[in-house]
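Inspection log for the structure reproduced underneath, given as structure tokens.
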There are 2 protein chains.
Amino acid sequence: MKIGELARRSGLTTHTIRYYERIGLLAYADRDSSGQRRYGADILVWIEFLHRLKETGMPIREMMDYAALRAKGSQSGPARRRMLEQHREIVRARISQLSANLVVLDQKIAGYASAEQGTLDDDEN
Amino acid sequence: MKIGELARRSGLTTHTIRYYERIGLLAYADRDSSGQRRYGADILVWIEFLHRLKETGMPIREMMDYAALRAKGSQSGPARRRMLEQHREIVRARISQLSANLVVLDQKIAGYASAEQGTLDDDEN
DNA sequence: TTACGGGTTCGAGTACACTCTAAGTCAAGT
DNA sequence: ACTTGACTTAGAGTGTACTCGAACCCGTAA
């Protein structure tokens with residue numbers, strides 16, 4: 001497929017796909033006779049994985065490191081596993097933090113709700 | 001207290017405190033006779049709350065809206081409650097998303113671990 | 001009195017992750 | 001032949017949230 005179709009199917013823009021190739025997140029794509037990028041379907045799996053890393057807050061730099069390991073082939077498996085394990089801890093910590101903050105938010109909202117019932121005055125935050 | 005002490009106690013830098021004042025996240029602080037900012041202890045509570053909003057991913061623009069409502073006094077309570085309720089939904093969604101991605105990450109790591117045991121080959125991501 | 005550790009303002013600079021523009025090429029449809 | 005839409009490159013611009021620098025002022029201890 002060409003870059004436009006990949007864009008539609010991956011949810012990235014063509015700009016972003018080229019940008020990712022430039023910085024090494026996506027491998028340099030084979031070009032056809034007129035110089036246009038041609039992709040196989042397997043790149044969608046990789047982009048989806050990148051999307052997950054991004055969604056979980058991994059910085060692009062780290063994704064680049066991961067991509068570089070991946071490009072070295074299966075011998076880099078253990079290193080990639082270690083990266084993912086570290087990242088997993090960050091994600092777990094983030095979930096805990098958000099959950100804790102969610103509790104405080106709930107309390108705050110309950111405080112406002114009470115104030116609206118006239119049973120309490122609010123605390124000015 | 002002066003800005004330096006507030007910085008130490010709040011975890012913000014003096015630069016950031018002045019920046020927050022500039023954009024309206026913190027109220028314009030009273031100045032002493034030599035023009036230096038003087039803060040009461042109550043601002044720490046507000047900064048801590050701002051920190052929570054930030055940690056949960058609220059953009060500064062929205063925090064500014066919230067701060068503006070707060071500056072209007074207790075009559076803005078209901079509007080603030082609605083803002084927090086909307087934000088709470090965003091936080092809940094984010095936690096769900098992270099949790100879902102965490103599961104995938106676990107599977108991926110398990111896949112690498114199996115590959116290292118020699119029981120499977122990896123899938124090249 | 002002079003050095004020091006604060007503080008002040010304004011405006012410029014930084015990091016991240018895109019996002020877009022300019023100027024051009026190319027293939028297919030009418 | 002011409003238009004349309006998709007593609008190419010290099011490089012500039014954007015938005016967010018700070019972060020820092022320059023040039024200056026002010027109060028206190030040696």
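In what follows, chains carry the letters A, B, and so on, assigned in the order in which the sequence lines appear, proteins first and then strands, with residues in each chain numbered from 1.
- Contact annotation: the side chain of A:Ile17 approaches that of A:Tyr39 to within less than 4.5 Å [non-hydrogen atoms, C-beta and beyond].
- You'll find the side chain of A:Thr56 stays beyond 4.5 Å of the side chain of A:Ile90, heavy atoms only.
- Bounding nucleotides for the chain A contact on DNA chain D, 5' to 3', at a heavy-atom distance below 4.0 Å, are D:dC7 to D:dT9.
- Looking only at side-chain heavy atoms (C-beta outward), A:Tyr66 and A:His87 stay at 4.5 Å or farther from each other.
- Within 6.0 Å of the CG atom in B:Asp30, the count of heavy atoms belonging to other residues, nucleotides or ligands does not exceed 12.
- For the pair B:Met64/B:Ile23, a side-chain contact is recorded, criterion being any heavy-atom separation below 4.5 Å from C-beta on.
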With B for base contact, S for sugar-phosphate-only contact and - for none (protein heavy atoms under 4.0 Å), nucleotides 4-20 of chain C reads --BSBB-------BBBB
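- In terms of modelled atom types and a separation under 3.5 Å, the side chain of B:Arg31 and the main chain of B:Ala29 share a donor-acceptor contact.
- Checked by atom type and distance alone, the side chain of B:Ser76 never pairs as donor or acceptor with a backbone atom of B:Ala79 at under 3.5 Å.
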